[in-house]
Amino acid sequence: MTRYNFEASEAKWQAAWEKAGAFAAEADPSRPKYYVLEMFPYPSGRIHMGHVRNYTLGDVVARYKRAQGFNVLHPMGWDAFGLPAENAARDQKVHPAHWTYDNIATMRAELKRMGLSLDWTRELATCHPGYYAHQQKLFLDFMRAGLVYRKEAFVNWDPVDQTVLANEQVIDGRGWRSGALVEKKKLAQWFLKITAYSDELLDALKALSRWPEKVRLMQENWIGRSSGAEIRFRLKGRDDRLQVFTTRPDTIFGATFCAISPDHPLADELAERDPTLAAFIAECRHAGTSEAALEAQEKRGHETQLKALHPFIAGKELPVYVANFVLIEYGAGAIFGCPGHDQRDLDFARKYGLPVIPVVAPPGADPERFAIDDLAYTEDGTIINSGFLDGLEVEAAKAEVGRRLAAADLGRPATVYRLRDWLVSRQRYWGCPIPAIHCQRCGIVPVPEEDLPVRLPDDVSFDKPGNPLDHHPTWKNVECPTCRGKARRETDTFDTFVDSAWYFARFCSPRADIPVDRQAVDYWLPVDQYIGGVEHAILHLLYSRFFTRAMRKTGHVGLDEPFAGMFTQGMVIHESYKDAAGNWLYPEEVHKTGEGSAVHVETGQAVDVGRREVMSKSKKNVVAPARIIDAYGADTARLFMLSDSPPERDLEWTEAGVEGAWRYLNRLYRLVAEPKTKLPPPGAPKPNALSPAGEAAWRLTHKTIAAVSEHLENFRFNVAVAQIRALTNALEDVPGDGPGEGWVLRQGFETAIKLIGPMTPHLAEELWRAIGRTTLLAREPWPKAEAALLVDEQITIAVQVNGKLRGTVSLPRDCPENDAREAALAVPNVAAAMAGKTPRKVIVVANRIINVVV
RNA sequence: GCCCGCUUGGCGGAACAGGUAGACGCAACGGACUUAAAAUCCGUUGGAGCCAAAAGCUCCGUCCCGGUUCGACUCCGGGAGCGGGCACCA
């Protein structure tokens, strides 16, 4: 029994592709381009199954589009800056650069074994000065364009590690590493002005028709546009105003208090003369920000001496509270409270004994008797108890209040966003240095472009907590480029999301001495198909969309949207295993004895088979891609990845499924490389006569071309695989010795090879050669389906009686309705089901179905 | 709390301008080959029933209830379960 020798074949064809330069892309305006990109990996050490799935999907698209005649760009690189390298440096005493480049070398070799049709000549790593120099240039350009600023912001500060933490690194109010209570601290930080594009980023989502609806919605929610009004309350005995934002200006007559954030400047000012308020504010800042902490936390307030004056009721004074639930980041950092129509305001009012005035009555309610009990009324209705607004509906009242506020110079209609400017500074070493200099005399001075790149120093120490760049003895001491006086280099580095916000553009001209070559990006961008995990649905994609706009504003590119098509793949999941002692076990430590039962390979003791969940190192339910490729080859891994589950859903990795893919490859190999009949030579003319079996197989071949093409276009790779398998099943059943059957088999085999080429490229090349072809399959065009063969002359049509299937009839295509009706009524079982009754109606849908109604 | 998605055999999933539900595979079972095993090949496989058996046929069946229709996995209304995103958002 012949076994397909994947070891020899895969190495051979990878070498052949490389030698031929089969996947190196070159801009060619005379040809249509297609840019396929998968999210580039972080070089953590080894590739995992998520990578295998991601890059297999992308490679299918790349190879398919190449076969269709597109000039395909399919590059690969490394998202190489980031915290794990610093952790490794501290724990293992290796330099972050060495650790990173070692990992890249390992992972590159692993990716190469997958046989991906990548243009490796364009490889880039974001930690290389040849990349980050250009990022610094872009930053300076953005600065000139007014898209960069530095301001004091509240950040998560870990007092033990002496560093700022990202929100995700704060767990239940404590630093993830130190365990110290995280403080909110005001620090000067760099920001990119993404909010300048809030409306654009939101409105342009509608036109991204080849993005998943889900991702567009997530971005929409993230930007979070809501419209209402800003109101500037006069303050009793003061000249300044208190600005609040509300989405319900129509309820202004129901206002009974105002509340400001503990971080509001006014709160700071009042706290100076009020020690209990100062203590309250300090307490709020120490409180956790985790979801659980917020849930548990009471809504509390501290009443100040301030009184806000109602804009429309002369003499009405509203007490002003500092309240722990008011966020400084959102709206104006201050609110007016209308307890009747907002649940949180109601809870607060009940707690502090504040009045509750209903001002919106539900439709049909008696305005005189409508009262609020424990539930705020938040629906639409008719305005009551509200002076000039009485009788209006909610929407009309909102507009009227907007007009009146503007007329009285006490406010105006306003729109606010949840989206905040992008805080890009990090107090870390392994990142792109922010190219700025702090001078006592001149302030913040951009690094002159001729001094770029600002390189990271190599000699750093990770012994002390905090930022190694800050601890470096000399690196930060520089001369001010303007006044030549003593100055200090910026020691913050960029958030690594900055690195990934433009790499897709750099791939178009990866060795250019400017960030991007305009001709190259004009040809290649946008990315036609981007593929990656849904976990990046918001931040990475939003930042990239912003960066593209900023690059357009600064003349680097000529478009707004970087990714014309987006696809989010599902995760790879696997059963998890635990021994009796509760220790997690790797799949290779476990021997499955049946559905849901297993024993330990060595001890033979029973193992607890757990849920199917996302592969993770902590639960050990991981399978190393290298092990699978060693055992079965890359094509088997690729085919399994594509076979059973639709790519957007989670895929369960099973040994049995892999075996199935492996079995199929061998079956296909034997079928084509060792055919039971001698095939005519390549390109032999079609014989005049075909046996019925040959005719059917020939038609199926062309139907499969049409179906597989259609499925590949729509990312239904699992169905495409199924169709190819069905074709090979049918070809297996062709006897081969009938008239023309040898020719049909050659057609069928060559077609099957071409169709499966994008999925299992090594095997396909091997078979292409085995069947007598000498060209490189990777350069062969996609097969064409002949339209005439897609429709059958004789069609089997279902016959129903009263909607229930009672039989089938075989009819010529497009046969007259009367013939169809007669044939249907003549089916014995149909006649029986009619029980002698006369049909009231016979519905004939040409070539599809006949339904007899009695 | 707000927004969104999903629910089809033992399992992954096919089929949706409404038209033969279960393609393709996994698992399972039976058989062939073999001293045996592996590999491979052939067959069966939604449930219940009619029939000596087979061919064949009947009833039920796409989360639940209701509707539209000659005909509903598909469309509409209501509900349940599971999953995801955001969340003191004013």
Side-chain angles (χ1 to χ4, degrees), chain A residues 1-3 212-222 224 226 228 244-248 251 258-259 261 289 291 293-295 297-299 323-327 329-338 341-345 347-348 378 416-418 534-535 537-538 594-596 612 639-640 643-646 648-652 654-661 663-664 666-667 670 707 711 716 718-729 732 796-808 828-829 832-833 839-845 847-854:
Chain A
M1 186 58 60
T2 315
R3 173 184 164 281
E213 185 62 31
K214 180 186 169 171
V215 173
R216 288 189 281 170
L217 260 161
M218 283 165 71
Q219 295 224 346
E220 203 176 307
N221 293 336
W222 186 263
S226 52
V244 309
F245 173 75
T246 179
T247 54
R248 294 297 303 274
T251 64
C258 286
S261 163
T289 50
E291 201 176 312
L294 291 173
E295 199 64 44
Q297 193 175 306
E298 235 184 316
K299 311 283 178 273
N324 63 351
F325 61 86
V326 181
L327 305 175
E329 301 92 348
Y330 187 75
I335 61 166
F336 79 74
C338 177
H341 306 284
D342 181 286
Q343 191 59 44
R344 202 188 37 207
D345 291 350
D347 296 343
F348 192 82
T378 54
V416 301
Y417 302 84
R418 214 186 70 91
V534 73
E535 68 273 16
I538 298 176
E595 273 300 306
R612 290 153 191 176
L639 185 66
F640 174 68
S643 288
D644 287 346
S645 294
E648 69 277 10
R649 285 198 217 168
D650 286 351
L651 169 83
E652 190 193 356
T654 63
E655 202 70 17
V658 177
E659 292 275 358
R663 267 200 301 274
Y664 175 70
N666 278 293
R667 239 180 82 206
R670 284 190 297 268
H711 292 312
R716 292 190 294 256
N718 56 324
V719 191
V721 171
Q723 302 271 8
I724 296 171
R725 294 183 86 133
L727 173 63
T728 51
N729 287 350
E732 257 177 345
T796 304
I797 293 175
V799 183
Q800 300 178 332
V801 176
N802 288 337
K804 281 185 195 275
L805 182 70
R806 296 300 174 190
T808 56
N829 203 43
R840 280 197 285 133
K841 198 162 145 196
V842 178
I843 291 159
V844 179
V845 182
N847 305 323
R848 295 207 98 148
I849 202 161
I850 300 163
N851 189 10
V852 181
V853 187
V854 293

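Throughout, protein chains are lettered first and strands after them, A, B, ... in sequence-line order, and every chain is numbered starting at 1. Here the structure is a predicted model, which means the values were calculated and not measured.
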Determine the contact category for [X]: base if any of its heavy atoms lies under 4.0 Å from a base atom, sugar-phosphate if only primed atoms, P, OP1 or OP2 are that close, otherwise nothing.
X      : result
A/R649 : sugar-phosphate
A/V845 : base
A/V534 : nothing
A/N666 : nothing

Any side-chain heavy-atom pair of A/Q723 and A/L727 under 4.5 Å: no
Can you find a pair of side-chain heavy atoms, one from A/I849 and one from A/Q800, that are under 4.5 Å apart? yes
Would the base of B/C86 count as contacting A/N221 through its side chain, where contact means a donor and an acceptor less than 3.5 Å apart? no
Should the side chain of A/K299 and the base of B/C88 be counted as holding a donor-acceptor pair, with the cut-off at 3.5 Å? yes
Nearest of B/G85, B/A15, B/C11 to any side-chain atom of A/H711? B/A15
Could you work out which one of B/C70, B/U58, B/G12 sits closest to the side chain of A/N829? B/U58
Provide the distance between the two [atom1] atoms, one in [N] and one in [M], to the nearest whole Å.
N     : M     : atom1 : answer
B/U69 : B/C76 : P     : 16 Å
B/G10 : B/A23 : P     : 14 Å
B/G84 : B/G30 : C1'   : 44 Å
B/U20 : B/G71 : C1'   : 12 Å
B/C4  : B/G61 : C1'   : 30 Å
B/U7  : B/A17 : C1'   : 24 Å
B/G5  : B/G78 : P     : 14 Å
B/A15 : B/C24 : P     : 13 Å

Distance check, rounded to the nearest 0.5 Å: [X] atom [atom1] versus [Y] atom [atom2]?
X      : Y      : atom1 : atom2 : result
A/Y330 : A/S261 : OH    : OG    : 14.5 Å
A/I797 : A/T808 : CD1   : OG1   : 10.0 Å
A/D644 : A/L639 : CG    : CG    : 9.0 Å
A/F640 : A/T654 : CZ    : OG1   : 4.0 Å

What is the distance, rounded to the nearest whole Å, between atom [atom1] of [X] and atom [atom2] of [N]?
X      : N     : atom1 : atom2 : value
A/E220 : B/C89 : CD    : P     : 19 Å
A/E648 : B/G84 : CD    : C1'   : 14 Å
A/I538 : B/C86 : CD1   : C1'   : 7 Å
A/R716 : B/A15 : CZ    : C1'   : 11 Å
A/W222 : B/G84 : CH2   : C1'   : 15 Å
A/K214 : B/G5  : NZ    : P     : 11 Å
A/R418 : B/A87 : CZ    : P     : 5 Å
A/R670 : B/U40 : CZ    : P     : 6 Å

Parsed dot-bracket for RNA chain B after applying the Watson-Crick and G-U rules with both distances under 3.5 Å and | for other-strand partners is (((((((..(((......[....))).(((((.......))))).(((((.....)))))..(((((..]....))))))))))))....
Is the side chain of A/N666 donor-acceptor paired with the backbone N or O of A/R3 at a distance under 3.5 Å, no angle test? no
Whether A/T378 side chain and A/D342 backbone form a donor-acceptor pair below 3.5 Å: no
List in chain and number order the residues that pass side chain to side chain contact (heavy atoms under 4.5 Å, CB included) with A/R248, two or more places apart in sequence or in another chain; answer none if no residue qualifies. A/T246, A/D250, A/T251, A/V360, A/V394, A/K398
Donor + acceptor pair across side chains of A/N802, A/R840 (<3.5 Å): no
A/S643 and A/Y664 side chains, donor-acceptor separation under 3.5 Å: no
Could you check A/L217 against A/R248 and say which one's nearest nucleotide on RNA chain B is further toward the 5' end? A/L217
Comparing A/E213 with A/A334, nearest RNA chain B nucleotide closer to 5' gives the residue A/E213
Below 4.0 angstrom from OP1 or OP2 of B/C89, is there any side-chain N or O of A/R344? yes
Counting just side-chain N and O atoms, does A/R806 come under 4.0 Å of either OP1 or OP2 of B/U58? yes
Nearest heavy-atom neighbours spanning A/G337 and A/D345: CA-OD2, 3.4 Å
Would you classify B/G9 as syn or anti? Syn applies when the glycosidic angle is within 90° of 0. syn
How does each nucleotide of nucleotides 20-26 of chain B score, in 5' to 3' order, for protein heavy atoms under 4.0 Å: base (B), sugar-phosphate only (S), or none (-)? B--BSSS
